[in-house]
There are 2 protein chains.
Amino acid sequence: MKIKGKLYRTIWMDGNTIHTIEQNKLPEEFEIISIDSLEGVANSISTMIIRGAPAIGAMGAFGLAQAIQKMDSPTAEDIQKVYDFLYETRPTAYDLQHGLDFVMTKTLTETDPSSMKQLAMESAQAYVDASAEACRKIGEYGNSLIKNGDSLLTHCNAGALATVDYGTALAPMRIAHENGKNIFVYVDETRPRLQGAKLTAFELHEEGIPHAVIADNAAGYFMARGDVDLVITGTDRVAANGDVANKIGTYEKAVVAHENGIPVYIAAPISTIDFTCPTGNYIPIEERDQNEVLDINGLRVASKGSQAFNPAFDVTPAKYITGIITEQGIFKPGELDKINR
Amino acid sequence: MKIKGKLYRTIWMDGNTIHTIEQNKLPEEFEIISIDSLEGVANSISTMIIRGAPAIGAMGAFGLAQAIQKMDSPTAEDIQKVYDFLYETRPTAYDLQHGLDFVMTKTLTETDPSSMKQLAMESAQAYVDASAEACRKIGEYGNSLIKNGDSLLTHCNAGALATVDYGTALAPMRIAHENGKNIFVYVDETRPRLQGAKLTAFELHEEGIPHAVIADNAAGYFMARGDVDLVITGTDRVAANGDVANKIGTYEKAVVAHENGIPVYIAAPISTIDFTCPTGNYIPIEERDQNEVLDINGLRVASKGSQAFNPAFDVTPAKYITGIITEQGIFKPGELDKINR
């Protein structure tokens with residue numbers, strides 16, 4: 001991704017040091033931090049310096065590889081201890097387990113310490129590169145849906161900052177823009193945590209892609225006026241039947257888009273599809289702290305005596321979804337069994 | 001309405017002094033201010049100490065009556081000057097003109113100074129009482145739609161604070177609660193100006209009506225779960241064909257409610273129906289300052305380089321509306337010609 005005119009990934013290694021963008025300070029400040037310890041890696045995940053499933057997976061892979069470099073003589077037991085410690089930082093993040101598994105499995109195919117260290121580093125880098133490449137391919141496939149002059153709408157941040165690079169929902173917009181297509185993006189601010197206003201708007205601004213932030217309430221207004229040609233969002237989990245869990249509000253936008261004949265695409269690497277989950281009814285919905293709604297940036301906005309409900313995600317039934325853009329191509333929600341896993 | 005256990009109207013007169021609730025300070029502070037001058041009346045409207053069409057109409061009526069009391073010998077010309085001065089404070093507010101017209105017309109049926117003064121005061125009070133009574137009747141009719149145990153959803157603030165008393169959308173909830181029905185209200189926070197979180201939640205808390213504030217994005221989630229039995233909102237203008245203009249986001253909520261088989265009612269005095277406006281396409285939509293989206297409580301939340309679009313209202317086509325609750329009863333959107341005007 002481009003930031004201040006330079007190309008960055010969300011996370012990378014330089015020698016045995018991990019570098020990542022401090023996302024808690026965005027969009028106000030752009031700061032790159034260096035991580036040299038296991039505690040630093042764990043802290044970066046638990047305090048959300050890095051967030052977004054693919055990005056967390058990359059941090060897990062690099063974090064485990066870094067710890068293995070520091071061991072005098074790595075053993076399966078020592079590696080498992082680091083694995084367990086990192087896994088506990090965000091146990092519900094599916095991709096964290098992916099990244100850790102990939103590095104541990106590869107490393108344990110050797111027994112010689114220096115070969116193990118080399119394999120750990122190579123496999124972590126390979127995992128991270130493959131993760132970025134999957135997003136780039138999502139961008140290429142998604143780009144085929146975008147015509148010159150199109151206006152798109154997106155919800156939350158499924159951008160490069162949530163992945164190693166390119167993003168999921170934002171990857172097609174990046175590729176379309178790189179290919180010289182004129183596009184415009186309506187950015188839902190995405191209450192309560194405002195990831196649209198804070199992160200998606202930041203990425204699009206840095207990339208030079210024309211856009212405007214809107215209150216989530218205004219999405220339907222622009223759809224009904226015929227101003228939106230295409231909706232693309234990311235997802236946290238896709239069920240086997242094509243139901244999609246994503247940031248709260250995605251369901252509303254999909255229903256209103258469907259009502260207005262606007263196609264709705266979900267961009268996701270295949271690792272996000274949970275083939276063991278039959279439908280969206282089986283996806284648990286996290287209820288987060290009510291103060292995310294009652295307060296904004298730490299300041300109370302709601303009436304004092306009132307409580308709030310704060311579901312963080314909702315499920316959009318497959319019938320409202322036109323297609324799922326993956327690194328293997330675009331699939332209808334009812335055709336996920338065609339995917340090579 | 002009940003505030004801190006006492007009954008209040010939004011605006012009332014005591015002798016020749018006007019009293020009103022300082023709404024800019026809500027929900028943090030509850031302050032009643034006294035107004036004794038024409039400048040004070042104009043200022044209360046232009047700085048939004050008082051807001052909401054029916055409440056502004058009441059301030060106009062009382063303000064004109066107060067000014068007439070202060071004239072040595074009122075003339076049609078002097079009264080017209082005050083009328084014009086007050087009308088200019090918010091020229092788009094339909095009800096302001098209503099209130100001013102009512103008092104001026106009645107007053108000018110007399111020529112004797114003391115009779116004119118008496119008529120001005122009596123007609124202003126009659127106008128304000130009739131305005132409150134219309135809302136109470138809306139509450140009674142709306143109450144007939146609410147069953148014991150129902151959960152309702154509302155958007156923005158169409159409460160007592162926007163009227164003389166009772167409110168429009170909140171009037172049925174007040175009456176249902178007074179009648180001992182157990183109800184629960186989902187309060188859309190209503191970005192960008194957060195009138196739901198700030199004012200509706202305040203009113204419901206003071207009234208002791210169980211409720212929770214939700215991010216606007218979460219309304220669809222609760223509807224899809226079957227947690228919402230009924231949607232009631234207010235409106236800024238109803239077209240002759242039943243299309244309804246209201247706070248941005250109303251359209252989305254109505255579409256999603258319709259998709260889930262949940263009835264959507266609009267509560268409004270008949271004065272809000274514009275029989276000269278054939279459809280919603282003829283209702284102009286105000287575009288407000290983009291900083292209402294980019295900032296929250298004066299603090300920048302969005303990425304710095306980004307712009308915002310900020311339409312303040314949207315139009316909900318009649319097909320998504322189950323009925324319009326008025327002081328004459330409940331009408332289907334296609335049956336507005338049955339109303340006595």
Side-chain angles (χ1 to χ4, degrees), chain A residues 26-28 155 186-192 194 197-206 211-222 224 247-253 255-256 258-259 285 290 292-294 296-297 299-311 313-315 317, chain B residues 26-28 155 186-192 194 197-206 211-222 224 247-253 255-256 258-259 285 290 292-294 296-297 299-311 313-315 317:
Chain A
L26 290 175
E28 291 79 11
H155 193 70
Y186 291 89
V187 179
D188 287 351
E189 62 174 0
T190 318
R191 280 279 291 152
L194 296 165
K198 287 173 186 274
L199 302 178
T200 298
F202 172 81
E203 286 194 35
L204 294 173
H205 173 67
E206 293 294 335
H211 67 283
V213 179
I214 58 172
D216 302 299
N217 280 325
Y221 169 82
F222 290 107
K247 186 63 55 198
I248 191 76
T250 305
Y251 166 67
E252 284 192 18
K253 308 316 161 200
V255 168
V256 179
H258 186 260
E259 188 75 4
I285 300 295
Q290 62 172 341
E292 289 186 353
V293 176
L294 299 171
I296 297 182
N297 276 5
L299 202 71
R300 177 86 180 194
V301 290
S303 178
K304 264 184 203 129
S306 299
Q307 65 169 336
F309 292 156
N310 185 19
F313 303 96
D314 58 27
V315 171
Chain B
L26 289 175
E28 291 81 10
H155 193 70
Y186 290 88
V187 179
D188 287 351
E189 62 174 358
T190 318
R191 280 280 290 152
L194 296 166
K198 287 172 186 275
L199 302 179
T200 298
F202 172 81
E203 286 195 34
L204 293 174
H205 173 67
E206 293 294 335
H211 65 284
V213 179
I214 58 172
D216 302 300
N217 280 324
Y221 169 82
F222 290 107
K247 185 63 55 198
I248 191 76
T250 306
Y251 165 67
E252 284 192 18
K253 308 316 161 200
V255 169
V256 178
H258 187 259
E259 188 76 4
I285 300 296
Q290 62 172 342
E292 288 186 352
V293 176
L294 299 170
I296 296 182
N297 276 5
L299 202 71
R300 177 85 180 196
V301 290
S303 177
K304 263 182 203 131
S306 299
Q307 65 170 335
F309 292 156
N310 186 19
F313 303 97
D314 58 27
V315 171

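Remember, it's a predicted structure, so these values are computed and weren't measured experimentally. Numbered from 1 within each chain, the chains take letters A, B, ... in sequence-line order.
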(message) I'd like to check I296(A) versus R191(A) (side-chain heavy atoms, cut-off strictly below 4.5 Å). Are they in contact?
(response) yes
(request) Give, as side chain, backbone, both or neither, the part of E189(A) having an atom under 4.5 angstrom from any heavy atom of chain B. (result) side chain
(request) Among V301(A), L194(A), I214(A), N310(A), single out the residue with the greatest number of heavy-atom pairs under 4.5 Å to chain B. (result) V301(A)
(message) Taking the side chain as everything from C-beta on, heavy atoms only, tell me whether T200(B) gets closer than 4.5 Å to H211(B).
(response) no
(request) Measure distances from Y186(A) to the heavy atoms of chain B and classify the residue's part below 4.5 Å as side chain, backbone, both or neither. (result) side chain
(request) For the residue pair K198(B) and F202(B), establish whether any side-chain heavy-atom pair is separated by less than 4.5 Å. (result) no
(request) Measure distances from F313(B) to the heavy atoms of chain A and classify the residue's part below 4.5 Å as side chain, backbone, both or neither. (result) backbone
(request) Taking side chain to side chain contact (heavy atoms under 4.5 Å, CB included) as the test, write out the residues that go with P317(B), two or more places apart. (result) D243(B), Y251(B), K319(B), Y320(B)
(message) Can you tell me which of A224(A), G305(A), A219(A) forms the most heavy-atom pairs within a distance under 4.5 Å of chain B?
(response) G305(A)
(message) I need the residue from E252(B), E292(B), E259(B) with the largest number of non-hydrogen atom pairs under 4.5 Å to chain A.
(response) E252(B)
(request) May I ask you to name which of V255(B), T250(B), L299(B), D216(B) has the most heavy-atom pairs under 4.5 Å with chain A? (result) D216(B)
(message) For E28(B), which atoms come within 4.5 Å of any heavy atom of chain A: side chain, backbone, both, or neither?
(response) both
(request) For H205(B), check ring pair (Phe, Tyr, Trp, His ring centres under 6.0 Å) against everything at least two apart and list the hits. (result) none
(message) Tell me which of these, H258(A), K304(A), H155(A), has more heavy-atom pairs under 4.5 Å with chain B than the rest.
(response) H155(A)
(request) Output the distance between atom CG (D188(B)) and atom CZ (F222(B)), rounded to the nearest 0.5 Å. (result) 10.5 Å
(request) Against chain B, label Q307(A) side chain, backbone, both or neither, depending on which of its atoms sit under 4.5 Å from a heavy atom there. (result) both
(request) Could you check which of V315(A), V293(A), L294(A) has the highest count of heavy-atom pairs closer than 4.5 Å to chain B? (result) V293(A)
(request) Against chain B, label I285(A) side chain, backbone, both or neither, depending on which of its atoms sit under 4.5 Å from a heavy atom there. (result) side chain
(message) So which atom in D314(B) and which in G249(B) form the shortest heavy-atom distance, rounded to 0.1 Å?
(response) OD2-N, 2.8 Å
(request) Considering non-hydrogen atoms only, spot the tightest contact between A197(A) and V187(A) and give its length. (result) N-CG1, 4.5 Å
(request) Quick one: which of A215(A), P311(A), P192(A) has the most heavy-atom pairs under 4.5 Å with chain B, could you say? (result) P311(A)
(message) As an exercise: rank R300(B), Q290(B), E203(B), K253(B) by heavy-atom pairs under 4.5 Å with chain A and give me the winner.
(response) K253(B)
